[in-house]
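Report on one structure; see the data block that follows.
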Amino acid sequence: MAAWRSWAALRLCATVVLLDMVVCKGFVEDLDESFKENRNDDIWLVDFYAPWCGHCKKLEPIWNEVGLEMKSIGSPVKVGKMDATSYSSIASEFGVRGYPTIKLLKGDLAYNYRGPRTKDDIIEFAHRVSGALIRPLPSQQMFEHMQKRHRVFFVYIGGESPLKEKYIDAASELIVYTYFFSASEEVVPEYVTLKEMPAVLVFKDETYFVYDEYEDGDLSSWINRERFQNYLAMDGFLLYELGDTGKLVALAVIDEKNTSVEHARLKSIIQEVARDYRDLFHRDFQFGHMDGNDYINTLLMDELTVPTVVVLNTSNQQYFLLDRQIKNVEDMVQFINNILDGTVEAQGGDSILQRLKRIVFDAKSTIVSIFKSSPLMGCFLFGLPLGVISIMCYGIYTADTDGGYIEERYEVSKSENENQEQIEESKEQQEPSSRGSVVPTVQEPKDVLEKKKD
């Protein structure tokens, strides 16, 4: 009886899971060639996928949850998916070059999603991009609400101006990353001090920074640099994104599972520098920590001891290693200043020699990882081709050797035959002469011959 109940419970759970999957899939539309003509009627969030793609299969349950969530909250954004291999012409028209590719299509505009492939991040992207490009903040209450809701956001303060036009252009390009608002001077919190109007501000890390055209250069580039919090828990994706900012990244490389004092101390020092010296360094540096050294080792092509501090220039693959022991915040500040004034020598880079070195390193790392994960597969992948090549080389070598021997033997035989023929010819010429000398031939007179006939 108990076994039957357990079996029934398992069947019920399986049925619920299947129903849940069916319900989720019901809110994601399978798109075909007709989508090209009808897409302008609505705002679409589309996953372009390939049936054989492993990452696409991993995204599928998350994408079904996105469709269900968007429908349940009454979002105007429709969620769909398209097999980019079956409808390659439409995928090419939207600039799909890899799988999966997530795009929000709004009228004639197409916005690429480049964030983490999680349900919450994808939904936030859809809300941000599908709404107004510049959202107004009509009151201080709304302003405070936005501060609590968003970790980083930008605000234009003032009326119509050339700066506002630049702000709109930057927002149309960078709305995929962050939020853009506009407000009047009366709405701005009292602690904000503005030297001139109009102005563009970024609010983050419980403070704000004002755009200075003379110090910060192009507005769009400044927004791209300042769209990150000053201190972050880093991963490979974030480091890739930071490569576009031109900032150096000061990292505490630690093991978060390790409870020793040294790991926590280095992380705390980086956090203090990011907080207490942000006015001094925020234009040039991004701060954070990374759990583990695997990703850093691939960048440096070397084994980095944990815990430690490293400064990366992700735009050109240069890095700076410690020239001193970091005992306190002052040591870290001095190390940063030495980097800025050129005292600490940069290592790595993207020169031709470094690129060749990286090719060799990547090949070596790939081979080692294959043998570590599956030794039999490694032996099959690399042993079989090497064996075939060895057999081919041996066959070529032995074929050349036999051919040379046969050819040489043929030449020797040919020369021997020629010599033998010459000897026989000389013998034949000598035979008649020797016979003539023993029995000389004497011609009889004509009249004697006639008498003999008679």
Side-chain angles (χ1 to χ4, degrees), residues 14-135 168-180 220 237 240-241 244:
T15 303
V16 170
V17 170
L18 288 173
L19 286 174
D20 186 53
M21 291 175 63
V22 170
V23 169
C24 290
K25 286 185 177 181
F27 296 111
V28 176
E29 297 190 30
D30 284 307
L31 305 176
D32 53 27
E33 63 273 359
S34 63
F35 175 69
K36 185 178 178 180
E37 300 175 357
N38 303 327
R39 75 177 187 87
N40 288 329
D41 298 338
D42 298 285
I43 301 174
W44 283 93
L45 183 66
V46 181
D47 168 30
F48 294 90
Y49 71 96
W52 45 261
C53 171
H55 294 292
C56 301
K57 293 177 181 178
K58 187 176 179 181
L59 177 64
E60 184 178 6
I62 298 173
W63 197 250
N64 292 333
E65 291 177 8
V66 169
L68 177 62
E69 181 77 11
M70 297 292 278
K71 188 71 175 180
S72 63
I73 63 178
S75 172
V77 179
K78 289 188 174 182
V79 181
K81 62 179 181 178
M82 176 177 285
D83 184 349
T85 60
S86 299
Y87 306 102
S88 56
S89 59
I90 300 177
S92 299
E93 185 178 337
F94 287 118
V96 176
R97 295 184 177 88
Y99 310 115
T101 294
I102 298 173
K103 287 180 177 284
L104 187 134
L105 307 175
K106 182 180 176 183
D108 294 329
L109 300 175
Y111 298 93
N112 288 331
Y113 176 69
R114 297 189 178 93
R117 292 171 187 157
T118 64
K119 183 188 77 171
D120 293 338
D121 288 309
I122 294 172
I123 290 174
E124 184 187 4
F125 163 79
H127 287 329
R128 182 171 65 248
V129 179
S130 63
L133 189 64
I134 311 292
R135 292 171 166 83
I168 293 173
D169 290 340
S172 63
E173 177 187 355
L174 299 172
I175 187 66
V176 295
Y177 299 117
T178 188
Y179 285 90
F180 294 87
S220 181
F237 175 78
Y240 175 79
E241 288 287 300
D244 296 332

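No experiment lies behind these values; they were computed from the predicted model shown. For reference, positions follow the sequence shown, starting with 1.
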**OP:** Keeping the roles fixed (side chain from Arg39, backbone from Gly107), state whether a donor-acceptor pair exists under 3.5 Å.
**Re:** yes
Original post:
Any sub-3.5 Å donor-acceptor pair from Trp63's side-chain atoms to Gly80's backbone N or O?
Top reply: yes
Original post:
Cut-off 3.5 Å, side chains only: do Tyr177 and Arg128 have a donor facing an acceptor?
Top reply: no
Original post:
Is there a donor-acceptor contact under 3.5 Å linking the side chains of Ser172 and Asp169?
Top reply: no
Separation of [Y] [atom2] from [X] [atom1] (nearest 0.5 Å):
X	Y	atom1	atom2	answer
Leu109	Leu133	CG	CG	9.5 Å
Cys56	Phe48	SG	CZ	12.0 Å
Ile102	Tyr49	CD1	OH	14.0 Å
Met70	His127	CE	NE2	5.0 Å
Lys78	Ser130	NZ	OG	14.0 Å
Asp47	Lys81	CG	NZ	8.0 Å

Subject >> For the student: nearest non-hydrogen atoms of Phe94 and Lys103, plus distance >> reply: O-CE, 2.8 Å
**OP:** Run the numbers on Leu105 and Ile43 for side chain to side chain contact (heavy atoms under 4.5 Å, CB included), then give the verdict.
**Re:** CA-CA 6 Å; Leu105 307 175; Ile43 301 174; over 6 Å; no
Original post:
Are any non-hydrogen side-chain atoms of Thr85 and Trp52 less than 4.5 angstrom apart?
Top reply: yes
Original post:
Of all residues at least two apart in sequence or in a different chain, which pass the side-chain contact (heavy atoms from CB on, under 4.5 Å) check with Ser34?
Top reply: Asp32, Asn38
Original post:
Which residues pass the side-chain hydrogen bond (donor to acceptor under 3.5 Å, both in side chains) test with Ser88, sequence neighbours left out?
Top reply: none
Original post:
Is it true that Glu241 and Arg114 make a salt bridge, defined as a side-chain N closer than 4.0 Å to a carboxylate O?
Top reply: no
Subject >> Working for side chain to side chain contact (heavy atoms under 4.5 Å, CB included), residues Phe125 and Leu45 >> reply: CA-CA 10 Å; Phe125 163 79; Leu45 183 66; 4.0 Å; yes
